[in-house]
Amino acid sequence: MTNPSTARDLRIEYLSRPIAVATRVPRFSWIVDHAQEAFELEVATVTGRIVWASGHRYSAETSLLEYGGEPLRSDTDYTWRVRSCAEGAWTPWASSSFGTGLWDAADWVASWVEPVQQDALVERWSIVDWIRGGGPESPPEDRLRPPQLLRQPFVVREELVRARLYATARGVYSAFVNGRRADDQVLAPGADAYEHRISVQAYDISAALVEGENVLGIALADGWWAGRLGLTGSSAQFGTRVSAIWQLHLEYVDGTTEVVASGPDVRSAPGPWAYADLFVGERYDRRRVPAGWDLAGFDDGGWMPVAALDGDHDVLRPFAGEPMRRVLELPAVSADDTAGGTIVDFGQVIAGRVRLRVQGAEPGQQITIEHTETLAADETWFTNIAGINKEQTDVFIAAGGDEQWEPEFTFHGFRYARVSGLRGPLVLADIVAVVIASDLAQTGSFAASDARLDRLHQNVVWSQRGNFLSVPMDCPQRERAGWTGDIQAFAGAATNNAQIAPFLSRWLANLRTDQLDDGRVPIFSPRSPFDAEAAANAQGIGAIVAAAGWSDAIAFVPWTLYERYGDRRVLEENVDAMLRWIGFQRAVAAAELPARLADEELEDDRRRAQALLFNTGDHFGDWLTPSTMAGRPIHEAIGIAPALTSEYVAPMFQAQTLTVAASVATVLDRHTHAAELRDDAAAVRAAFAAEYVDAEGDLPVRLQGVYVLALAFDMVPAALRPRTAARLAQLVRENGHRLDTGFLSTPYLLDVLWEAGYADLARSILWQREMPSWLYEVDHGATTIWEAWDAIGPDGEIRAMSFNHYAPGSVDDWLYRRVAGIRSTSPGFRSAVIEPDFACGVDDVRAHVGTPYGELAVHWHRTADAASVVVDVPFGVAASLVTAHGTVDLAPGRSTHQVDLS
Ligand code: BGC
């Protein structure tokens with residue numbers, strides 16, 4: 001026989017050739033095009049000394065295999081190779097490489113360096129100010145401060161072999177070496193729970209250095225650390241002063257090493273910006289660029305020495321995952337000259353910014369670019385984001401000549417840009433929208449023979465891209481906060497479209513450090529000291545710190561990553577945090593009774609049951625349930641679903657989190673513990689049923705979402721389930737086959753109906769075109785998923801809502817799992833089924849997902865009485881095709897199947 005082909009797509013911690021792996025025990029993955037019987041893996045130093053030889057391992061596993069050799073060293077490059085054996089024959093070796101990050105505080109000798117001139121007003125607003133529409137009175141240039149430039153000259157000797165720069169900031173920074181960018185990432189270090197951990201970026205700058213004098217330049221702005229953020233647009237939420245820290249590790253042929261560290265020799269000066277803020281935008285004066293500031297020979301005599309601050313190395317963590325980059329560029333679709341400026345349409349709601357070419361401007365000419373996601377119904381300019389400090393406006397002051405400009409330290413949520421201040425008409429080719437996102441591998445696709453369904457899927461992909469920006473955000477214009485509930489609802493869908501494991505694992509690491517001592521998991525992460533203070537001083541919704549369905553992200557998100565990627569480590573990392581959240585719920589359940597019962601004499605049984613239920617406190621409930629919003633002003637409307645549903649939603653999530661934690665404990669071989677958690681879950685469910693499910697299977701509020709969650713989380717005794725489901729079906733029919741679910745229940749609506757035997761009803765909700773529905777948004781020109789179904793009302797009224805909120809896009813998972821029919825049936829797609837819904841309402845569907853073992857794809861096509869199904873199955877996935885005629889095991893590779901539908 002011929003030799004099996006070499007392993008491909010070699011990865012460490014999901015990444016191809018990372019240069020600064022964050023963990024001491026990295027995991028190796030590769031893909032094979034044969035049934036692997038054994039493998040052999042070797043890791044060596046760059047000089048060829050083997051540090052791990054796995055020997056022959058008789059295992060079919062090719063995903064996330066843990067390193068098992070001698071301890072790896074920090075800041076060191078390694079090579080690795082793997083070969084695989086099939087039918088007794090070994091493949092040739094396949095090779096790759098990786099480097100390790102600076103793991104220990106002790107690896108750091110550098111000082112944090114802080115520019116000395118840092119005056120700015122600290123702007124603090126409350127939610128009440130926000131609701132009242134308050135805001136600053138003076139223009140941003142009077143309140144915001146200029147980003148700083150920092151420079152450090154250093155000498156490189158001859159015969160340099162390796163130069164690795166490690167850098168980060170309390171602020172947002174860009175690194176330059178000898179006048180060039182250190183790499184193509186943007187907005188480093190991204191958002192973190194900075195009090196506890198700050199991600200360090202690594203740059204391979206060997207090629208940028210020369211023998212003799214070199215210069216390292218850092219441009220440093222407020223970013224997430226000191227800039228405006230969150231609902232209230234308050235500034236300085238983590239700190240008031242920006243600083244940076246870096247170490248450049250140089251290695252020479254002769255084996256000697258040198259470290260160039262940030263310290264007192266660094267000098268700084270204000271850069272060409274009057275200000276640069278994530279929310280407000282930036283004001284940049286090309287004339288004020290100190291020419292050659294990041295090159296050798298520049299005279300920095302007039303620059304100020306920085307303050308060098310000792311210590312504070314414990315917060316530094318190697319960044320894990322993909323950085324933010326410019327991932328796409330969109331040309332302008334049209335431009336319209338209006339009195340206020342030229343309105344450019346990019347045809348797509350994005351997160352990013354505009355790059356503009358300006359020709360023949362007068363020196364000092366000021367060009368202004370405003371951003372919005374939607375125009376008013378009459379196509380005039382409309383700012384859809386209400387709030388303090390959310391100008392989303394950039395200003396470019398030209399130096400004259402042929403210039404190109406893109407902001408450095410800001411991003412906006414927009415589809416339209418209004419450009420004013422140009423001398424002549426805007427040339428469409430001179431403007432592009434630059435899409436900024438965490439640069440995650442796009443691993444899935446879905447396309448159907450219906451343009452609306454395709455658009456719906458694309459809208460989800462765009463909302464995912466626009467909100468996977470360093471952390472999973474709610475929306476890229478108004479808050480940009482890592483709301484836990486939103487990603488809890490959306491994580492499953494997100495796994496199909498992109499490789500999100502490192503991205504969410506890093507966010508979970510932040511979330512864990514944000515967890516409170518009493519076990520509460522905050523409603524968003526990163527959470528700043530300002531957020532903690534604001535919640536302590538607020539009332540009602542503003543005072544919520546942890547909430548049902550939000551805090552449960554600590555269990556649901558790791559479990560989703562395990563199910564879809566087979567990542568066991570994410571469970572190990574998060575299990576304690578989950579248990580602490582469970583402990584908090586348990587303590588509150590034991591201590592508190594819902595207010596309505598406070599004066600009642602409860603029987604013992606009922607008191608005991610109540611003591612198990614986490615059913616008190618303020619929560620968001622089934623947030624934004626459509627029928628609770630209708631006809632009310634938004635600030636009033638958002639309180640209704642919390643008031644109506646929290647008492648039931650909270651114990652349902654409590655039960656499900658216990659169940660998830662039990663499954664986690666099982667996977668981690670903590671079997672006694674798992675049994676206890678399962679018993680606890682059963683007790684909570686029994687107490688819930690006794691308290692809230694009546695003899696007809698009905699729940700205390702007739703809202704779809706409460707029924708959906710009760711069925712999805714198994715809260716209803718088995719004998720009553722059909723009745724509960726029938727009631728849900730009735731509610732859906734009474735609502736004209738339209739959904740009426742909030743953030744928390746929407747992900748389960750269609751599945752619950754399907755599993756209860758109401759497949760047609762589920763399909764009719766998907767195809768619904770009246771508001772609220774997904775296709776209503778599509779019909780109304782949506783290019784992303786909206787926060788509220790009526791963001792554009794049936795009367796054409798445009799509301800000041802977010803047009804880019806992924807949470808309601810959780811339906812995308814249904815498109816993959818049910819419409820295309822691709823489902824993982826054991827962790828990480830070790831086994832999977834292809835079970836197309838030929839009756840879903842389209843004739844042709846093509847979809848694929850990236851499993852840990854390679855692409856699993858389906859293309860099905862139907863006519864009136866037959867369907868053909870073409871499936872591509874990677875080696876390593878035990879897949880079967882499930883149709884009304886039964887189950888067929890699928891061999892690896894491509895196979896075609898005919899299905900009789902008559
Ligand atoms: C955010 C949501 C978030 C919610 C909490 C909103 O302002 O945009 O997506 O989950 O608050 O209820």
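Whatever order the structure lists them in is the order used to number ligands and atoms, beginning at 1. Computed from heavy atoms alone, side chains included, the values below leave out hydrogens, waters and symmetry copies.
- With sequence neighbours excluded, no residue forms a side chain to side chain donor-acceptor pair (under 3.5 Å) with Ser551.
- For Ala191, the side chain to side chain contact (heavy atoms under 4.5 Å, CB included) partners are Trp224, Ser470, Val471, Pro526, not counting sequence neighbours.
- Between Phe584 and Trp581, the distance from one ring center to the other falls under 6.0 angstrom.
- Under the side-chain contact (heavy atoms from CB on, under 4.5 Å) rule, Phe653 has a single partner from Gln585, Gln488, His619, which is Gln488.
- Taking a heavy-atom cut-off of under 4.0 Å, ligand 1 is surrounded by Asp474, Arg478, Glu479, Trp483, Asp486, Trp550, Phe620, Trp623, Phe743, Glu787, His805.
- Here side chain to side chain donor-acceptor pair (under 3.5 Å) pairs that include residues 628-637, with residues two or more places apart or in two chains, number zero.
- Side-chain contact, Asn510 with Ser525: no donor N or O sits under 3.5 Å from an acceptor N or O.
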